[in-house]
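Reading through the structure tokens given below for one structure.
The shown structure was predicted, so the numbers you read here are calculated from the model rather than taken from an experiment. Residue numbering restarts at 1 for every chain, and letters A, B, ... go by the order of the sequence lines.
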Amino acid sequence: MKNEGEGSERPDNTAFTQQRLPAWQPILSAGIVIPGFLIIGLAFIGIGIGLFLTSQTIQVWEIDYTGVEKDSPCVRCTIQSSQNCTCDVTFSLSELFTGPVFFYYGLSNYYQNFRKYGVSKDYYQLTGDTQYFKSPQDVCSPYKYDSQNNPIVPCGAIANSMFNDTFELYQIINGTTKKQVPLDGKGISWWTDYNIKYRNPSSVNGSFANAFEGTVKPINWPKAVYELDPVDQNNNGFLNQDFLVWMRRSALPQFRKLYRRITEGDYAAGLPAGNYSLTVHYNYPVLSFDGRKKVVFSNVSWMGGKNDFLGIAYLVVGSLCVVMSVVMLIVYAKFKFSDDDDA
Amino acid sequence: MSFFGLDCMRKKEKEVERKIRANDREYNSSFRYATNSIKTSKYNPFTFLPLNLFEQFQRIANAYFLFLLILQVIPAISSLSWFTTVVPLVFVLSVTAAKDAIDDINRHRSDRKVNNRKVNVLINGKLISEKWMNVQVGDIIKLENNQFVTADLFLLSSSEPLNLVYIETAELDGETNLKVKQALTVTGDMGDNLEALAAFNGEVCCEPPNNRLDRFTGTLTFDTQKYSLDNERVLLRGCTLRNTDWCFGLVLFAGPETKLMQNCGKSTFKRTSIDRLMNVLVLFIFGLLALMCIILAVGNGIWENHAGSKFKAFLPREEKSTALSAFLTFWSYIIILNTVVPISLYVSMEVIRLGNSYYINWDRSMYHARTDTPAEARTTTLNEELGQIKYIFSDKTGTLTQNIMTFNKCSINGKSYGDVIDNSGQRLEITEEMTPVDFSFNRLADPKFLFYDHSLVEAVKLELPDVHAFFRLLALCHTVMAEEKKEGHLVYQAQSPDEGALVTAARNFGFVFRSRSPETVTIEEMGIQRSYELLAILDFNNVRKRMSVIVRNPEGKLTLYCKGADTIVYERLHPSCSELMKVTTEHLNEFAGEGLRTLVLAYKDLDEEYFAEWKQRHHESSVALEDREEKLEKLYEEIEKDMMLIGATSIEDKLQDGVAQTIEQLAKAEIKIWVLTGDKQETAENIGYSCNLLREEMNDVFIVAANSPEEVRQELRDARLKICPETEQDKLLIPEFILGNTPKVVQDENVNGEYGLVINGHSLAYALESNMELEFLRTACMCKTVICCRVTPLQKAQVVELVKKYKKAVTLAIGDGANDVSMIKAAHIGVGISGQEGMQAVLSSDFSFAQFRFLQRLLLVHGRWSYLRMCKFLRYFFYKNFTFTFVHFWYAFFCGFSAQTVYDEGFITLYNLVYTALPVLGMSLFDQDVSDRWSLEYPQLYVPGQLSQYFSKRAFMMCALHSCYSSLVLFFVPYAATYDTARDDGKDGADYQSFALITQTCLTVAVCVQLVLDLSYWTVVNHLFVWGSLGMFFILTFTMYTDGLFRLRPSSFAFIGTARNCLNQPNVWLTVALTALLCVLPVFAYRFFCSQISPTINEKVRYKVRPMKEPAPRPRRTRLTRRSTRRSGYAFSHAHGYGDLVTSGRFLRRHTPVRSMGLIPTGRSPGFKPTGRSAGYSPVGREQNPKQKVEPTSLQMFRAVKDSSF
């Protein structure tokens, strides 16, 4: 069918159909690129300096207590037969370790990021779903049932391998007196883990332990999950802070996990200079896989813990940008094609 | 013929012979012949789902993902949840299925339309209107004028005398001229006597269904008599009945068994060169994937040996041996790294092509208002190929030219007419606005004839004798037939449109040719009817290049009128004309320079005795048994000498609008244009000049017109040596193996200067033989322009195939007629000119539009953009997917090769589908480096596409390297930034979930910034897509990590709280910024340096046009005039005339004016309507022997008439 005048098949005249939408058309011209690089470079250098200086102010003190070296105080605990072994690591601080001080334990060559390890837990159990206490999910295998075919709660490899070294820190005053440094274990896990992700089962007949009726503790554990903190019910069961921290598995085979904070009493301002003794209850075997254990004291800044990388990286990238902008300027002056061609 | 027993078994029921008894459905149905319903659709509602899925899974990519899915449900291997594969796969499958469904619904619709056409069928002695699909073999059906032939019919009888029918076979073989078929007398006698027809019980025994259009053998047994049947008695489906009131036919083959349907072989599925490259790349990617997985599996084995085996206290693993562990790891990593083979790639490519096809459909600049035809992308999968065209093969008639001949100028007795000259003596260009000459004084004038020079009509009115002689000659010396249906309403039927134009010109200037009989020509000279006695026609042929008539005027004076090629006629002029010759030559040069076709007119008065004597000799010669041709030739030579020059005519073979400019533009874009035409050499050459294909400035134009293979070879070789003397024989045949299917690729050879090549049909037939094709190709490819004349449809395809075979170049064929179908199908891209009457070319084309000039926009704008967009898309798409995937590879070295993913599974599922899909899609739908006007202004921008510079294996490797770098940055920067570090609240910051979130944020931001850098055309939509997708990433990330979703399904949304706990850390953002810039800045710098040191053409143009808004409208081109060298403008689309027919008078005996000619003008456009294409080419029937001398098809009908009268 043909109409007179305007054809019926005539396409619509819109900016979209005619591909004439107004558009911003940026172009890699020297006028933008060279100053751009310069500005980015200067900004990066600025940020880099800030980061680097900040990182320098952070104090970190770490000791490997694995007991590999012969002179290490914990050597004796590495012997297989030793039970409930305790060793003391002494150290001295030459200046005030500004508070709040964070107390980490660190493991290396430890593959918490191994896929099968990582999936080996039952989210339903951990949300307090008692239905899964009787029959844990398959992913927990082989830590699903013990040898008597009793279901394990919490099941799976992550829970089973929970770090169980404990530490006590003493300041040695006048060479002899040991003053215990109070360690704060509250709130060291993520708020969401504590409040949402992990839930304890509700007590049965007024007893928390009864909720775990018919289950057994993980094979490696000395005590059941409902006995993790007999004192503080809010820190017991799946909501135990140490347990929560452990369950948040690390991304890399070398990692630190927060153990305690030093925020109380005389140490609220930090650890004063002096001698200290760290008592390690050495339970966790790592030598079989060439692992290392260490404790780390650190304080933090606005940018988190000590990390020189970011500062240096920013400085390097920033400098490269500045250098590059100069090179570009030279190249531009030499070739200057956009000007030539305009003529 | 089958050589395999098995095959024979299966085809046991194959027909050997077809037996049909007329009017006996019962008998015929026992053979179970196909009915007349056709089915081109693939699915029905029930079979759609299984069939479509089956088809889709035949695609390697889909099958691959199905395979992955299976891997993922194996617990020992599964490293990712099943939904990461299922969600994209289902999405992809449903998009494709929806598209297939729509396509099939359309096919159903068109099938239904054809099947439901009505036709009259003779059933039980009555004519009943039936649907086509209900017609059965053996039925007798009645066709009426202008109806499509329902099925392959055996013609029984017709309304026309001698049982003739006229059919148009354009749909079948592309010939628009009418053909004649004739029924047997024994059946023809039944006429339209229904009783007789109903009683007709003839038995036909014929060949089984086949696809040969030109052959039919069979016998009719009727009344115990046997008659042999051949092609002359058969009407094929697809033809149209013309000029025949009715005819009856017996159905021989129906529906799928008709020759038309048998010929509609599966149309070859065209793929773009990018598709082919992609296939190679996908193989490469599979190799890369396998390599990575092997490395990781080996790594796993080593790790298990060294570290893993000792770690079992905390990490229990069931695998007993490291080998098994490594094996399982291999498959696990196959799952994880599967994103290197991009599933959404194919879907996205389809979407992009579809979008770009719509742009073509929507483009108002390619809409032709006069015919109300928009451009149409009929294939939506070939767009980017449009940006890579290197060779264009064009038809001439109807594509380059309008097939309208107009009488434009003339030179009479040394005075040139036709130009409009203003007061200052300046020649004006003729435009539509000018007032044409008013021919109202002449009641017989053709109103469509336009002429602008008023002085000529004045001259006629002044009765200048030369002018009168000029037009009298035009009115007398021709072989045109006139029809006068109504008094004063003349329709001319000319064997060539040129003649028609000349006679029409004479008619308008008052010398009206009214009618002819074998012995007389009646014309009306300035209102006075005069009858000339026609004594002889010395007809046209290719050697003579002239025709003469000898007439006796009413006063009894004998005159020979001659028109012909200037070179020929000049030799035969009387010496006294030399003065006039000089002036006329000047005019001829002028006409030729403008690309007009010229003829020189001359006359000679004869005296009675001489003529009587000559006539006698002529008669003797014409009955001579030997050397008749030569003897006649001599006689003609003898009488056609010492002629007096009258003047010259010039005819414009009207080009389509803008052809010359388009060709110039395309030439600037380094596209080579080959014209493949059925026309004669002179005509084609002339058109070559007038549309700028051949230029006077060219160093040389070679003409290959030899008659033996050796000569052709020699001429080709000479030409090549002349172009480039130092070409060695076989140096350039560098063998190149491309997946083993192209044995040799002929490299482009450097040529200084511009050359043209014209080759005629005979020579082409030799040149296309396998031992000479390379010679031909090499010579032809060194020329800017190649014109092949007198080419058959098959040869057109052969030429295209030849170039496809030896040149690594993309070809495009453009044509309007059915004779172009073969070449349209053969070329990478076929373009049909729509809006004309024949739709066959359009139907088999990939793109169609109304005018040749739209080609420049299709290629230089749409094609270039499509290619650019597709390449940008591919580069970016590979980049983002590789980067995404390689991070896993690096992480493997830190997680014990345990197939632990770096990212959250939700992110893996949504990355390609949601976070990065739209920005890149937006880029590939909207991006343009420079606007359309600038694209046309700088056709050089097209060149990178021809060289595949935007996306190649090299570009792909660059992408992979770039990704490799980016992934290193994206893994190791977060690694270093979180290594042994703490958050600002003292909690450790390097837990797996935080690390995953940091990496995926870095990745998303980095690829987004990369896109920002790539995007050169930021429309609102792009802003929306880019920022929207980035926003979507954060929104969805926060949503997926919310408490609510976790409570719904703890195991799937285990990342609860990660977003808020992690993204509030300043160093996370510093890490993100650092990675993004580190990923992008080197690219930025690299591109800047490239653009400074060796800028590409695109960059040059972009810089150049940046300060300018839009290009100034181009100055209207004045007509190109070239007067440098003398070139004969003689061209006449005239094959051997039908002079003998005119004089023999056989067909004129059937004098009934209308139908005696059997022609209703079926021409292409208003104006003079020729009946056939201007020149003959061999009909399809002669395909098997292309060397045979071709004959003009227009003659066939006359021959048929002639033969039938015996």
Flag the one option from [options] with the top tally of heavy-atom pairs under 4.5 Å to chain A.
options	answer
B/Thr981, B/Ile1056, B/Asp980	B/Asp980
B/Asn1067, B/Thr1071, B/Asp1043, B/Leu1070	B/Leu1070
B/Val1020, B/Val1068, B/Thr1058	B/Thr1058
B/Ser1016, B/Gly1057, B/Gly986	B/Gly986
B/Asn1061, B/Thr901, B/Leu925	B/Asn1061

Side chains of [X] and [Y] in contact at under 4.5 Å (non-hydrogen atoms):
X	Y	result
A/Phe114	B/Cys895	no
A/Pro11	B/Asp363	no
A/Trp190	B/Arg983	yes
A/Phe255	B/Asp991	no
A/Lys257	B/Lys987	no

Under 4.5 Å from any heavy atom of chain A, what part of [X] do you find: side chain, backbone, both or neither?
X	value
B/Ala375	neither
B/Asn361	backbone
B/Ser78	backbone
B/Leu1078	side chain

**Request:** Compute whether any side-chain donor of one residue and acceptor of the other, for B/Gln900 and A/Tyr117, lie under 3.5 angstrom apart.
**Result:**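 Checked: B/Gln900/A/Tyr117 side chains show no N/O donor-acceptor pair below 3.5 Å.
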**Asked** Does the pair B/Asp932 and A/Arg20 meet the rule for a salt bridge (Lys or Arg N to Asp or Glu O under 4.0 Å), with working shown?
**Response** CA-CA 9 Å; B/Asp932 52 344; A/Arg20 290 194 210 285; 3.1 Å; yes
[X] side chain to [Y] main-chain N or O, any donor-acceptor pair under 3.5 Å?
X	Y	value
B/Tyr891	A/Ala251	yes
A/Lys116	B/Ser898	no
A/Asn307	B/Ala976	yes
B/Tyr1017	A/Leu21	yes
B/Gln928	A/Gln19	yes

**Request:** Under the side-chain contact (heavy atoms from CB on, under 4.5 Å) rule, what do B/Arg1047 and A/Ile196 come out as? Steps first, then yes or no, please.
**Result:** CA-CA 8 Å; B/Arg1047 291 205 180 99; A/Ile196 294 147; 4.0 Å; yes
**Item:** Pairing residues for B/Pro1082 by the side-chain contact (heavy atoms from CB on, under 4.5 Å) criterion, not counting sequence neighbours
**Value:**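 Counting only residues at least two positions away or on another chain, B/Pro1082 forms a side-chain contact (heavy atoms from CB on, under 4.5 Å) with B/Tyr965.
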**Request:** With sequence neighbours left out, write down each residue that passes disulfide bond (SG atoms under 2.5 Å apart) with A/Cys140, or none if nothing qualifies.
**Result:**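 For A/Cys140 the disulfide bond (SG atoms under 2.5 Å apart) partners, ignoring immediate neighbours, are A/Cys155.
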**Lys NZ or Arg CZ of A/Arg249 over B/Tyr992 ring: under 6.0 Å, within 45°** =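 Yes, cation above the ring, under 6.0 Å and within 45°.
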Which atom names give the shortest non-hydrogen contact between [X] and [Y], and what distance separates them?
X	Y	value
B/Phe894	A/Pro253	O-CD, 3.1 Å
B/Asp984	A/Ser301	CB-O, 3.7 Å
A/Val327	B/Phe1089	CG1-CZ, 3.7 Å
A/Phe102	B/Asp985	CE2-O, 3.3 Å

Between [X] and chain B, with a heavy-atom cut-off of 4.5 Å, which part of the residue counts as in contact: side chain, backbone, both or neither?
X	result
A/Phe44	side chain
A/Ile158	neither
A/Ile58	neither
A/Phe309	side chain

**Request:** Report, as yes or no, whether the 6.0 Å neighbourhood of atom CZ on B/Phe893 holds more than 12 heavy atoms from other residues, nucleotides or ligands.
**Result:**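 Yes, the 6.0 Å shell around CZ holds more than 12 heavy atoms from other groups.
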**Item:** From A/Asn13 atom CG to B/Trp362 atom CH2, the distance as rounded to the nearest 0.5 Å
**Value:**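 Going from the CG atom of A/Asn13 to the CH2 atom of B/Trp362 covers 13.5 Å.
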**Request:** To the nearest 0.5 Å, tell me how far B/Ser1051 OG sits from A/Leu126 CG.
**Result:**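 That separation rounds to 12.0 Å.
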**Asked** Between B/Arg364 and A/Asp12, is the closest basic N to carboxylate O distance under 4.0 Å?
**Response**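 No, A/Asp12 and B/Arg364 are not salt-bridged.
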**Message:** Using salt bridge (Lys or Arg N to Asp or Glu O under 4.0 Å), reason through B/Asp988 and A/Arg256 one step at a time and then give a plain yes or no.
**Reply:** CA-CA 6 Å; B/Asp988 64 286; A/Arg256 286 175 191 174; over 6 Å; no
**Asked** For the residue pair A/Phe16 and B/Phe926, does the interplanar ring angle fall in the parallel (under 30°), tilted (30 to 60°) or perpendicular (over 60°) class?
**Response**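 The rings of A/Phe16 and B/Phe926 sit tilted, inter-plane angle from 30° to 60°.
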